[in-house]
2 protein chains.
Amino acid sequence: MADLVYQRVISSLKEKIDANVYPDMRLPDERSLAEQYDVSRSSIKRALSNMSEQGIIFKKRGSGTFVNPLYLKQDSYFNYSGSNLGITDSFKSNGQKPGIKVLDFDVIRPDKDMQDNLFLQASEFVYSFKRLRLLDDKPFMIERGYIPIKLAPELTEEIASDSIFNYVESELGKEVNKTYLAISAAPSDEEGKKLLNLKSNEPLGIMEGIFFLNDGTPFEFSTMKLHYKYFKYDSFVDLDNH
Amino acid sequence: MADLVYQRVISSLKEKIDANVYPDMRLPDERSLAEQYDVSRSSIKRALSNMSEQGIIFKKRGSGTFVNPLYLKQDSYFNYSGSNLGITDSFKSNGQKPGIKVLDFDVIRPDKDMQDNLFLQASEFVYSFKRLRLLDDKPFMIERGYIPIKLAPELTEEIASDSIFNYVESELGKEVNKTYLAISAAPSDEEGKKLLNLKSNEPLGIMEGIFFLNDGTPFEFSTMKLHYKYFKYDSFVDLDNH
DNA sequence: CAGTGGTCTAGACCACCAC
DNA sequence: TGGTGGTCTAGACCACTGC
């Protein structure tokens, strides 16, 4: 895990921050850190830049680098982007028992859009499946997923009734570690009313996106319709860089 | 803004992507780009890395760099990929004329939650204001905001009817550059039906969050209720960083 | 094997801040 | 003015892909 220089630095600095090694909330300057860790300043910068994106520290040009006081308060506000819910197969369940019911499972030809989304040729096939997800036997999400068969040739309905991403990790030696999500809301549709027990004034939360493997390959295109009470998405956004 | 090398590269590459200069969705390799732009490979890497974080492209080690197909289709109001506006006072308006109507404007004592959110003592006051945002004179969002008076002592209703963040930047010499957002959805309430012309089966998109200054100070706590048709949020998530 | 992106280094110079 | 973070360079070497 920590075989990369900047990751080692991040881990170490986090530990020190947590252990209150910097009671004045100020970190040593970058050049000193480079010397302390015996690495280049560039690597220190990479580590600090990463931590800044995570909201752990703030950098002030000309002044120094400081710990974000809210980070120390360990509020629920630093659950970094999307970690609250729904990004992976394993939804954070808050002690509730998660379940999955596969509603259909087929192999189809992708249409043009799907070919674009998953970087496929017209001749390649994809799995298409619909799953109902439950917490304590109560349905909260309908999911339609598409996965190229070449990326998971042995995928079965049984695997889909468990965690597909865990399967990818343990059996295929790959990892799903990035996702591009488009988030929106819509009035409940027939399916939502029927499967999620929504009243007609109660909405659906919609998450649509592509999941990527760690080598950058688009692995799954997924449309998730959530019961609005289970729909919450946290995001920490850096407005610079844009 | 475009006086920085990597920002020039980003702008240029974005334009080329939008102009479909790469119909096979593949960008030139980093070394070629460095040569083309007559900059170092490090600067190209910085530009591409930034674009990758924004979800515009994704990189495949050993294979190349590719355009994210979902980026080309996006039409979000809250994307922080396509513009330098992002989730600030200035919503991306797609050519529509934005407007702001201040519905109320007061100074109040923060309750316990607000004290925590804005890092305040019980004795400190905050501005509380409600704003209706419009596009081409059509209301699309109701916003309730709270700002500590000590952070913007001269704030007025008139400033609030324009861009508060622009005021902070130009008059106070600070910058709002980070935000934590919690995103959800809810059935339309009375206010939403009345001010946003929602039918009772049509939902609200909810964005609640804290905006930070560049020194890490929490500047504003805001609750935004959006007409669901204007509610779309794009997010590119790295599942590793935790 | 050639080509691609990933990591890391060493150092130059710039922009900003506080004294 | 001295110290800080920000930008940029030039290049070495590694890890992975695909023929």
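In the text below, chain A, chain B and the rest are named by the order of the sequence lines, each starting its count at 1. Just the heavy atoms: all of them, side chains too, but no hydrogens, waters or symmetry mates, feed the values below.
Side-chain N/O atoms of R61(A) and base N/O atoms of dG3(D) include no donor-acceptor pair closer than 3.5 Å.
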Next on the checklist: Set out, in order, the CA-CA distance, both residues' side-chain angles and the distance that settles side chain to side chain donor-acceptor pair (under 3.5 Å) for Y180(B) and S235(A), then state yes or no.
Outcome noted: CA-CA 6 Å; Y180(B) 161 84; S235(A) 182; over 6 Å; no
Next on the checklist: Between E143(A) and S222(A), does the side chain to side chain contact (heavy atoms under 4.5 Å, CB included) criterion hold? Intermediate values first, please.
Outcome noted: CA-CA 7 Å; E143(A) 176 199 10; S222(A) 177; 3.7 Å; yes
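K60(A) has no side-chain polar atom (N or O) that falls below the 4.0 Å cut-off from OP1 or OP2 of dT4(D). The shortest distance between the side-chain N/O atoms of Y6(B) and the OP1/OP2 oxygens of dC8(D) is not below 4.0 Å.
Atom pair D3(A):CG and dG6(C):C1' shows a separation of 12 Å (rounding to whole Å applied). When the P atom of dG5(D) is taken as reference, atom CG of L48(A) falls 8 Å away, rounded to whole Å. As rounded to whole Å, 11 Å separates atom P of dT9(D) from atom CG of L4(B). The distance from atom CG of N50(A) to atom P of dG6(C) is 14 Å, rounded to the nearest whole Å. In this structure, R8(A) places its CZ atom 14 Å from P of dT7(C), rounding to the nearest Å. Atom CD in Q7(B) sits roughly 14 Å away from atom C1' in dA15(C) (whole-Å rounding). Distance, E30(B) CD to dT9(D) P: 14 Å, rounded to whole Å. Rounded to whole angstrom, the span from the CZ atom of F66(B) across to the P atom of dT17(D) amounts to 12 Å.
Between F119(A) and F66(B), a ring centre-to-centre spacing shorter than 6.0 Å is recorded. Side-chain rings of Y127(A) and Y146(A) stay apart, their centers remaining 6.0 Å or farther from each other. Taking the six-membered ring wherever Trp is involved, the centroid distance between the rings of F165(A) and F211(A) falls below 6.0 Å. F58(B) has its ring centre less than 6.0 Å from the ring centre of F212(A).
Within 6.0 Å of the CG atom in D38(B), the count of heavy atoms belonging to other residues, nucleotides or ligands does not exceed 12.
Taking the nucleotide of DNA chain D with the nearest heavy atom to each of D215(A) and R46(B), the more 5' of the two is matched to R46(B).
For D29(B), the listed nucleotide lying nearest its side chain is dG5(C); candidates were dG5(C), dG5(D), dC8(C). Residue S63(B) has its side chain nearest to dG18(D) when only dG6(C), dG5(D), dG18(D) are considered. When each of dT7(D), dC8(C), dT4(C) is scored by its nearest atom to the side-chain atoms of K45(A), the top-ranked nucleotide is dT7(D).
Taking CD from E30(A) and OG from S42(A), the interatomic distance works out to 9.5 Å, rounded to the nearest 0.5 Å.
In this structure, L13(B) and M51(B) have side chains that are in contact, with non-hydrogen atoms separated by less than 4.5 Å. Using a 4.5 Å cut-off on side-chain heavy atoms (C-beta onward), N68(A) and I56(A) make no contact.
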Next on the checklist: Let me check I have this right: for DNA chain C, each base becomes ., (, ), [, ] or |, based on Watson-Crick or G-U pairs with both distances under 3.5 Å. What is the full string?
Outcome noted: ||||||||||||||||||.
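Of the residues in residues 33-43 of chain B, R41(B) come within less than 4.0 Å of DNA chain C through at least one heavy atom, sorted by number.
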